[in-house]
Amino acid sequence: PYNGNTYDLKPKIRGPCFIGRSSGKKFRERGISLPDDPEVSTSHGKFEVKKKKFYFVDTGSTNGSICEGKDLEPNEPLELKDGMVIKVGVSMLRITLATNNE
């Protein structure tokens with residue numbers, strides 16, 4: 001249901017960006033809200049910055065997350081690289097990193 005959508009996320013050291021089915025404020029304004037994807041958990045995961053590197057963390061979602069054919073371990077940060085594809089629910093997220101890490 002979200003094919004072709006673009007989301008511009010700007011996670012900060014103390015301010016991750018969340019992804020989930022929730023339509024709460026932290027998902028709508030600072031993250032990604034996917035209310036029409038029935039396989040996405042209410043609070044599925046988060047994008048965060050640590051030591052000027054970007055990470056995705058599955059926060060213990062019911063159906064898990066997949067990257068490059070591998071199931072991600074809950075609460076284990078995955079370092080993001082340009083072009084990487086992460087599957088959450090039935091939604092595919094292609095990662096494009098900005099050139100300046102703020």
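From a predicted model like this one, the values you see are computed outputs, not experimental measurements.
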Chemist: Between R28 and S23 (side chain of the first, backbone of the second, donor and acceptor by atom type, cut-off under 3.5 Å), is there such a pair?
Modeler: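 A pair under 3.5 Å: yes.
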
Chemist: What about I32 and Y2, same hydrophobic cluster or not, with Ile/Leu/Val/Met/Phe/Trp/Tyr joined at side-chain heavy-atom distances under 4.5 Å?
Modeler: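 I32 clusters together with Y2.
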
Chemist: Establish whether M84 and L93 are linked, either directly or via other cluster members, by ILVMFWY side-chain heavy-atom contacts under 4.5 Å.
Modeler: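 Yes, same cluster.
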
Chemist: Among S65, C67, S41, S61, find the one that has a side-chain contact (heavy atoms from CB on, under 4.5 Å) with V88.
Modeler: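 When side-chain contact (heavy atoms from CB on, under 4.5 Å) is applied between V88 and each of S65, C67, S41, S61, only S65 qualifies.
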
Chemist: Locate the shortest heavy-atom distance separating V90 from P1; write the atom from each residue and the value.
Modeler: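 Taking V90 first and P1 second, the nearest heavy atoms are CG2-CD, 4.4 Å.
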
Chemist: Establish whether F56 and L97 are linked, either directly or via other cluster members, by ILVMFWY side-chain heavy-atom contacts under 4.5 Å.
Modeler: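 Shared cluster, yes.
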
Chemist: Hydrophobic cluster membership, with links at side-chain heavy-atom distances under 4.5 Å among I/L/V/M/F/W/Y: are F47 and I66 in one?
Modeler: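 F47 does not cluster with I66.
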
Chemist: Answer whether the closest heavy-atom distance between the side chains of D58 and I86 falls below 4.5 Å.
Modeler: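 No. Closest side-chain heavy atoms not under 4.5 Å.
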
Chemist: Over all heavy atoms of both residues, which pair between G89 and H44 is shortest? Give the atoms and the distance, please.
Modeler: N-CE1, 4.1 Å

Chemist: Is it possible for you to say whether V57 and V49 belong to one hydrophobic cluster, with membership spreading through side-chain heavy-atom contacts below 4.5 Å?
Modeler: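 No, separate clusters.
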
Chemist: At their closest point, which heavy atom of L34 faces which heavy atom of Y7, and how far apart are they?
Modeler: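 Looks like CD2-OH, 3.7 Å.
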
Chemist: Between D82 and T96, is a side chain to side chain contact (heavy atoms under 4.5 Å, CB included) present by the stated rule, with each step listed?
Modeler: CA-CA 5 Å; D82 230 21; T96 303; 4.0 Å; yes

Chemist: So, for R30 and P16, which heavy atoms are closest and what is the spacing to 0.1 Å?
Modeler: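 Scanning both residues completely, I find the closest heavy atoms to be NH2-O, 3.4 Å.
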
